[in-house]
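Below you'll find the structure, written out as structure tokens, and then a few comments.
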Amino acid sequence: MHTTKKVRVRFAPSPTGGLHLGGVRTVLYNYLFAKQHQGDFILRIEDTDQSRYVPGAEEYIFSCLKWTGLEPDESPIHGGAYGPYRQSERKALYRQYADQLVKNGYAYYAFDSPGELEKMREDFKTEQNPAPQYDHTVRSQMRNSLTLAESEVKKLLDENTRHVIRIKMPENETVSFTDMIRGEVSFNTSVVDDKVLLKADGMPTYHLAVVVDDHLMEISHAFRGEEWLPSAPVHILLWKYLFGLDAMPQWAHLPLILGPNGKLSKRDGAKYGFPVFAMSWTDAKTNELTEGFKEKGFLPEAFINLLAVLGWNDGTEQEIFSKAELIEKFSIERVHSGGARFDYEKAKWFNHEWIKRLEVAGLREQVKQVFSDKGIHITDEQLLDKVIALVKERCHLLTDFAQQGAFFFKAPEQYDMNAVKPKWNEAKQVFFAELIRNFELSNNWIAHDLETGFKEMAAAHRIKPGELLLPFRIMLVGGKFGPHVFDIAELLGKEETVARIKHLLALLQ
RNA sequence: GGCCCGUUGGUCAAGGGGUUAAGACGCAUCCCUUUCACGGAUGAAUCACGAGUUCGAUUCUCGUACGGGCUACCA
């Protein structure tokens with residue numbers, strides 16, 4: 001049955017704020033699964049909670065998907081034959097299903113006010129049961145179409161009394177299903193509460209909406225976070241009541257991504273200094289900016305890669321995967337059932353690997369942006385390409401290019417004088433003065449020859465090259481960093497190299 | 001509290017009755033490099049615990065402990 005169905009998967013976020021690691025990984029797994037099976041990847045916006053609506057959050061999600069390269073085939077902005085793709089725009093659709101459930105005895109109207117619900121929770125609260133649920137044991141004592149007379153219910157409904165529709169969970173039945181990651185999972189219906197399906201404002205809750213929309217959108221496989229596992233029996237039952245279990249998608253509940261202690265949160269990021277969102281997000285209320293992986297200097301290739309292997313591997317020793325390889329090798333069955341702790345050090349290692357691996361062309365624009373953010377505007381693209389090639393192996397984050405390469409475009413503003421001054425002497429002063437003359441005469445400006453000449457001169461002056469190399473480096477870059485010093489000199493060119501030597505010499509006088 | 005899910009080095013993990021229990025990150029030492037990286041070599045470090053099944057359990061079963069999630073007219 002399922003095998004003949006076209007693969008259609010969906011990612012269904014609520015537009016409430018930053019898109020965190022777990023969310024992006026869910027997108028990734030959906031995307032990979034869809035592409036691997038020549039299926040469709042749908043983005044559906046779950047904006048049924050009007051009180052949590054955050055302006056800009058939806059656009060933000062699209063930006064993140066665009067940056068990661070995991071773009072949907074169907075969405076509110078990409079269009080598609082199963083729209084609308086925003087649940088708020090589908091509002092009118094849900095009521096009929098809820099009513100149908102009531103008609104068939106699988107759900108009921110509940111008129112309890114928020115105050116009454118609160119009172120119920122107070123009254124039923126005991127040591128053994130600190131959080132009483134609206135379930136089969138209490139529904140008989142509440143104001144709903146199960147307890148009220150039929151005429152009373154009709155009257156309340158006719159008067160447009162605020163009410164919700166709740167599922168009537170059966171007593172003591174076992175609901176089980178096969179999760180693609182965890183195998184058979186089962187629940188006793190008695191311990192699940194009568195979840196609200198349709199809210200008083202006419203909007204469906206997640207529980208109703210996910211089932212109705214997955215059906216209407218012909219979703220074949222539903223991947224979501226493990227936090228949804230406890231409410232799975234509600235969804236299974238709804239499928240059974242509404243559309244039949246044969247039509248139900250196959251479920252996979254993805255393990256959670258953990259932080260240093262417990263579930264990964266935005267707080268962890270702030271506390272330990274690593275990003276948790278794909279891209280920077282500014283909270284409109286507090287104006288608080290949370291830096292994203294993109295802004296931190298991650299490559300989308302690396303970001304996807306590290307997320308893919310956080311909870312999945314192909315059984316070999318391979319760790320670096322391109323998107324194409326992931327599409328080919330990914331399998332939901334090999335996803336771990338246990339949660340994985342996010343390790344920022346390893347995340348940086350992945351980025352480093354990708355920076356080393358990528359051709360200059362794949363880095364150019366992003367590096368240019370990094371320089372531009374630092375106030376360095378690149379005009380010489382050819383030089384930029386050479387600089388990237390020269391320094392990329394020592395950059396873990398794209399932002400490292402600023403430190404590693406800025407001096408190629410701009411003379412150092414600061415010099416690490418402590419590295420030269422203590423050992424500076426007249427002999428060295430003389431050496432560099434002569435070096436300037438030799439350089440000025442040189443018409444063969446390539447690193448290898450520069451180095452040979454430098455060392456011959458050092459020998460003639462009876463100074464160890466090591467004594468001279470560090471000062472030379474400081475002259476050119478300002479500090480103890482950067483690639484091989486003669487490579488730097490070559491790229492800098494004769495004029496600039498000489499100018500920088502002269503400059504520091506003057507400072508040392 | 002209840003329910004559900006999970007548990008191989010500090011972290012990500014392979015393996016799934018008999019193995020010297022892979023590999024990666026990180027860490028340490030050394031080599032290379034008279035900066036920092038890269039690269040290379042070496043090292044420290046693991047099957048949560050207790051029963052059971054078995055000739056033999058890291059692997060299977062059951063308990064316990066621990067971790068996590070859920071327990072809203074939020075998703």
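In what follows, every chain begins at residue 1, and chains take the letters A, B, ... in the order their sequences are listed.
Annotation: side chain of M417(A) is in contact with side chain of L508(A) (closest heavy-atom distance under 4.5 Å). Between D194(A) and Y108(A) there is a side-chain heavy-atom pair separated by less than 4.5 Å.
Which of U35(B), U11(B), C5(B) sits closest to the side chain of E226(A) comes down to C5(B). Distance from the side chain of V191(A) is smallest for G2(B) among the nucleotides G2(B), U35(B), A75(B). Residue E345(A) places its side chain closer to G26(B) than to any other of G26(B), U34(B), C4(B). Of the candidate nucleotides C25(B), G1(B), A13(B), G1(B) has the atom lying nearest to any side-chain atom of P130(A). The side chain of T205(A) approaches C74(B) more closely than any other nucleotide in the set C74(B), C5(B), A13(B). When the nucleotides C12(B), C70(B), G1(B) are ranked by their closest atom to the side chain of R341(A), C12(B) comes out on top. Closest to the side chain of K263(A), from the set C5(B), G26(B), G68(B), is G68(B).
G68(B) atom C1' lies 19 Å from atom CZ of F342(A), rounded to whole Å. Rounded to an integer number of Å, the gap from E319(A) CD to G23(B) P is 12 Å. Rounded to an integer number of Å, the gap from CG of D179(A) to P of G69(B) is 18 Å.
Note on R86(A) versus E46(A): no salt bridge recorded, every NZ/NE/NH1/NH2 to OD/OE distance being 4.0 Å or above. We find that K119(A) and E122(A) are not joined by a salt bridge, their nearest charged nitrogen and carboxylate oxygen being 4.0 Å or further apart. Of the charged side-chain nitrogens involved, none lies within less than 4.0 Å of a carboxylate oxygen, so that K386(A) and D487(A) do not count as a salt-bridged pair.
Contacts of R166(A) with the nucleic acid, taken as non-hydrogen atoms under 4.0 Å apart, involve only primed sugar atoms and P, OP1 or OP2. Across all strands, G338(A) comes closer than 4.0 Å only to sugar-phosphate atoms, never to a base (heavy-atom distances).
Donor-acceptor pairing under 3.5 Å is lacking for the side chains of D99(A) and Y94(A).
Taking only distance into account, the side chain of K346(A) meets the base of A24(B) through a donor-acceptor pair shorter than 3.5 Å. Judged by atom type and distance alone, R473(A) reaches the base of U35(B) through a side-chain donor-acceptor pair under 3.5 Å.
The side chain of N129(A) places no N or O atom within less than 4.0 Å of a non-bridging phosphate oxygen (OP1 or OP2) of G1(B).
The side-chain tip of R166(A) points at the ring of Y134(A) from less than 6.0 angstrom away and within 45° of straight on.
For RNA chain B, the stems formed by at least three consecutive Watson-Crick or G-U pairs, with both atom-pair distances below 3.5 Å, span B:1-7 with B:65-71, B:10-12 with B:23-25, B:27-31 with B:39-43, B:48-52 with B:60-64.
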